[in-house]
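Notes follow once the structure below has been shown.
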Amino acid sequence: MAESSSTIAKPNIDLGSKTVQELLLLAKGEQEVPEKYIYKVGAPDASSVQLKDIPVIDLGLLLTPSSTTQQLEKFRSALTTWGCFQVINHGMTPEFLDEVREMTKQFFALPLEEKQKYLREVNDIQGYGNDMVISQQQTLDWTDRLYLSVYPQEARKLKLWPQNPQSLRGTLEQYSRKLQVVTKTVLVAMARSLNLDDNCFWEQYGEKGKMDVRFNLYPPCSRPDVVLGLKPHADGTIITLLLQDKQVEGLQFLKGDQWFGAPIVPEALLINVGDLAEILSNGIFKSPVHRVLTNPDRERISLAAFCLPELDKETEPFESLVNESTPKLYKKVKNYDRTYFDYYQQGRRPIEASKI
């Protein structure tokens, strides 16, 4: 997903590892990167990567009758070509977004023993630390994270919601409420752009739709030529909403056989299509493969929100998008996020197994 996998997978094994921040503390200035982070095949080559102007969409204009046609055409083009867009005029001020970024930085800057109060348990996705390790052969991502479920509210594990910094709980509550409004607007616009019933994507998400957030920290890495912040993947969501670092780039999208960097638009959220929206749209919308590079000199933060259907809801292409000229391309899937993680760690795409 943009900047991570979203999953509630329960692998049978969790070999565990220290966080990247822990490794750097133990290294005491040594530049050597542990072997398990190094890509021997498919190493990142950022030398020829160029920034790409990902479409910028004004959310305030998207569903306004006077500009619907022009905005919806631009919106649909973004989702069918890139599978992502930058959204502005989303109801959050630049100052508030800076607050969200600042609380993220403050959490990761806490002493290790303070952060470890919120350590994720073995075979659980929620909490502080690193992603689950399911194989000794797994190449690890150069990132630490705090992963929390925010919706539905009964999925929250409040013992894992940090009380330090003091602003985190309240700011996250406010931020996630605002994201729900953005999510509904975007899902309605997705339906309109395909001439479907306004609420079809929103109803698929459901009143008990799942929203998880992932605070990401990418510490500086001495070997950005062979180490990735996040391995290439597409998201197992309907949509993913990402708040990027305001100063440090690193997110890239794959188009054709070429990687393109996602530019920073400080006041924008970057939103991308997930596999489930590609399935629902019968392949019209594209779930993009993306990755995160490491930086040799500067740390980078981001905050991703993953939107998935409520548990046990089945997902398949909308009937009105299937006919003789455009046959059904995907099987019916259920609990997609439960199998997603295993595929992600193997560098595979679960949507390939969903194709007819």
Side-chain angles (χ1 to χ4, degrees), residues 1-4 6 19-22 24-25 86-88 90-120 124-131 141-151 153 155-183 210-220 229-230 240-251 262 264-271 292 295 298-307:
M1 307 182 174
E3 310 245 344
S4 171
S6 167
T19 63
V20 177
Q21 283 185 304
E22 268 187 280
L24 292 174
L25 282 172
Q86 309 257 23
V87 65
I88 58 173
H90 41 57
M92 287 175 267
T93 65
E95 292 77 17
F96 178 69
L97 294 182
D98 284 344
E99 283 181 39
V100 176
R101 292 184 178 101
E102 185 59 29
M103 74 172 183
T104 304
K105 292 178 181 178
Q106 288 177 1
F107 172 77
F108 286 115
L110 292 172
L112 181 61
E113 58 270 20
E114 178 68 21
K115 293 193 290 278
Q116 286 182 330
K117 293 178 182 178
Y118 311 105
L119 206 61
R120 71 168 181 84
D124 192 4
I125 192 72
Q126 290 197 60
Y128 164 71
N130 47 25
D131 280 334
D141 295 327
W142 193 260
T143 180
D144 297 338
R145 89 297 191 275
L146 173 67
Y147 196 107
L148 302 171
S149 289
V150 291
Y151 293 116
Q153 291 196 13
R156 297 179 181 182
K157 295 186 177 181
L158 291 178
K159 66 179 182 179
L160 298 175
W161 286 45
Q163 298 185 47
N164 189 6
Q166 291 184 345
S167 63
L168 191 145
R169 288 189 173 199
T171 303
L172 178 57
E173 179 73 57
Q174 187 179 358
Y175 182 60
S176 56
R177 282 201 307 267
K178 291 177 180 293
L179 286 183
Q180 283 285 60
V181 176
V182 174
T183 297
K210 184 175 173 58
M211 180 184 285
D212 292 346
V213 298
R214 174 172 161 145
F215 298 82
N216 298 299
L217 172 73
Y218 304 95
L230 280 176
T240 301
L241 306 95
L242 178 73
L243 180 64
Q244 292 208 77
D245 193 294
K246 197 173 180 179
Q247 297 175 314
V248 184
E249 291 164 348
L251 175 63
I264 294 169
V265 180
E267 72 276 18
L269 296 173
L270 191 150
I271 299 180
V292 177
N295 188 293
R298 306 174 73 183
E299 74 173 26
R300 178 176 177 273
I301 58 99
S302 67
L303 177 54
F306 309 116
C307 299

If I take atom [atom1] from residue [X] and atom [atom2] from residue [Y], how far apart are they, to the nearest 0.5 angstrom?
X      : Y      : atom1 : atom2 : value
Asn216 : Leu230 : CG    : CG    : 6.0 Å
Leu146 : Lys115 : CG    : NZ    : 11.0 Å
Ile271 : Gln86  : CD1   : CD    : 9.5 Å
Leu251 : Arg300 : CG    : CZ    : 6.0 Å
Glu173 : Gln153 : CD    : CD    : 6.0 Å
Leu303 : Leu172 : CG    : CG    : 7.5 Å

Would you say [X]'s side chain and [Y]'s backbone share a donor-acceptor pair under 3.5 angstrom?
X      : Y      : result
Arg145 : Gly127 : yes
Arg120 : Asn130 : yes
Asp144 : Leu217 : no
Gln126 : Ala155 : yes
Asp245 : Ser302 : no
Arg101 : Gln244 : yes

Which heavy atom of [X] sits nearest a heavy atom of [Y], and at what distance?
X      : Y      : answer
Leu119 : Gly129 : CD1-CA, 4.5 Å
Glu249 : Ala262 : CG-O, 4.4 Å
Thr104 : Val100 : OG1-O, 2.9 Å
Met211 : Ser176 : SD-O, 4.3 Å
Pro162 : Leu160 : CD-O, 3.1 Å
Ala268 : Leu243 : O-CD1, 4.1 Å

Report yes if the side chains of [X] and [Y] come closer than 4.5 Å at any heavy-atom pair, otherwise no.
X      : Y      : result
Gln116 : Glu22  : yes
Glu99  : Tyr175 : no
Ser149 : Asp212 : yes
Trp161 : Val150 : yes
Lys117 : Asn164 : no
Pro219 : Phe108 : no
Asp141 : Tyr218 : no

Exercise. Check the pair Phe215 / Leu148 against side chain to side chain contact (heavy atoms under 4.5 Å, CB included), numbers first and verdict last.
Key: CA-CA 9 Å; Phe215 298 82; Leu148 302 171; 4.1 Å; yes

Quiz item: Within 45 degrees of the axis of the six-membered ring of Tyr151 and under 6.0 Å from its centre: does Arg156 put its NZ or CZ there?
Solution: yes

Exercise. Run the numbers on Asp131 and Arg214 for side chain to side chain contact (heavy atoms under 4.5 Å, CB included), then give the verdict.
Key: CA-CA 11 Å; Asp131 280 334; Arg214 174 172 161 145; 3.0 Å; yes

Quiz item: Among Tyr118, Phe107, Tyr147, whose ring pair (Phe, Tyr, Trp, His ring centres under 6.0 Å) with Tyr128 holds?
Solution: Phe107

Practice problem: Evaluate the side chain to side chain contact (heavy atoms under 4.5 Å, CB included) criterion for residues Leu168 and Gln163: first the C-alpha distance (whole Å), next the side-chain angles of each, then the deciding distance (0.1 Å), finally the verdict. | Solution: CA-CA 7 Å; Leu168 191 145; Gln163 298 185 47; over 6 Å; no

Quiz item: Considering residues, nucleotides and ligands other than Glu114, do more than 12 of their heavy atoms fall under 6.0 Å from its CD?
Solution: yes

Quiz item: After noting the C-alpha distance and the side-chain angles of Leu97 and His90, does the key distance pass the side chain to side chain contact (heavy atoms under 4.5 Å, CB included) rule?
Solution: CA-CA 11 Å; Leu97 294 182; His90 41 57; 3.8 Å; yes

